[in-house]
Enquirer: 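Got a structure for you, written out below as structure tokens; questions coming shortly.
Remember, it's 1-based here, ligands and their atoms both numbered in the order they're listed. Note that this is a predicted model, so its numbers are computed, not measured.
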Amino acid sequence: MTEPAAGPAQPFGEASDDVDWEALRLRAVELMERAYAPYSRFRVGVAGLVDDGRVVAGCNVENAAYGVALCAECGMVSELHATGGGRLTAVFCVGSDGQALMPCGRCRQLLWENGGPECLLMTPEGVLPMTAVLPQAFGVDDLRHAEG
Ligand code: THU
């Protein structure tokens with residue numbers, strides 16, 4: 001199977017066209033408005049479509065011990081598992097301007113684990129598959145390989 005090439009913004013076939021990106025963005029904005037970010041004052045919200053049609057979401061939650069801040073994606077992935085699991089198929093992360101925000105490195109890894117290579121992410125350059133967002137990702141297959 002040929003994977004979509006990394007590159008400029010464009011929809012990736014029917015999967016992306018089928019996603020109601022504006023609904024996801026609006027849900028992410030709702031969550032961003034509930035962020036607890038008194039230290040950085042950088043509010044983040046994220047919403048993800050699950051393969052059974054659910055929408056899960058999260059906001060960042062900071063802590064006086066700065067290093068233990070929870071990214072918005074952590075909350076979203078927690079809701080994913082708490083409400084029945086499944087796979088993320090499309091994700092929209094926003095900053096306080098309500099526009100697409102690229103997830104940090106750790107959270108790209110979370111999206112990879114819970115969405116895999118075909119999960120779509122809205123980026124400032126348009127919709128991209130996770131293969132473009134986290135190239136040559138480390139994942140469960142690497143663990144199996146290392147077991148020999
Ligand atoms: N943050 C997220 O919630 N997600 C990201 O992908 C990037 C960073 C949060 C963590 C922290 O509360 C604030 O943004 C500033 O780094």
Enquirer: side-chain contact (heavy atoms from CB on, under 4.5 Å), that's the test. Do Val46 and Leu31 meet it? Break it down for me.
Expert: CA-CA 7 Å; Val46 65; Leu31 269 287; over 6 Å; no

Enquirer: Would you mind listing which atoms of ligand 1 come within a distance below 4.0 Å of any non-hydrogen atom of Ala72?
Expert: 2 (C), 3 (O)

Enquirer: Nearest protein heavy atom to atom 9 (C) of ligand 1, by residue and atom, and its distance?
Expert: Asn60 ND2, 3.6 Å

Enquirer: Tell me which one of Gly105, Gly75, Ser40 gets a heavy atom nearest to atom 15 (C) of ligand 1.
Expert: Ser40

Enquirer: Does any part of the side chain of Val50, heavy atoms only, come nearer than 4.5 Å to the side chain of Arg87, both counted from C-beta?
Expert: no

Enquirer: Does a donor on one side chain and an acceptor on the other come within less than 3.5 Å for Glu118 and Thr89?
Expert: no

Enquirer: Looking only at protein heavy atoms, which one is nearest to atom 14 (O) of ligand 1, and how far off is it?
Expert: Phe42 CD2, 3.4 Å

Enquirer: Please determine whether side-chain contact (heavy atoms from CB on, under 4.5 Å) holds for the pair Cys93 and Glu73, giving the CA-CA distance in whole Å, both sets of side-chain angles, and the decisive distance to 0.1 Å.
Expert: CA-CA 8 Å; Cys93 182; Glu73 295 88 336; 3.6 Å; yes

Enquirer: Within the structure, does Cys104 bring an N/O atom to less than 3.5 angstrom of an N/O atom in ligand 1?
Expert: yes

Enquirer: Got the closest protein heavy atom to atom 4 (N) of ligand 1, with its distance?
Expert: Glu73 OE1, 2.9 Å

Enquirer: In terms of residue, atom name and distance, what is the protein heavy atom nearest to atom 1 (N) of ligand 1?
Expert: Cys71 SG, 3.6 Å

Enquirer: To which protein heavy atom is atom 11 (C) of ligand 1 closest, and what is the distance rounded to 0.1 Å?
Expert: Glu62 OE2, 3.3 Å

Enquirer: Side chains of Val91 and Met122, heavy atoms from C-beta outward: is any pair under 4.5 Å?
Expert: no

Enquirer: Step by step, would you call Trp21 with Val127 a side-chain contact (heavy atoms from CB on, under 4.5 Å)?
Expert: CA-CA 10 Å; Trp21 289 105; Val127 179; 3.8 Å; yes

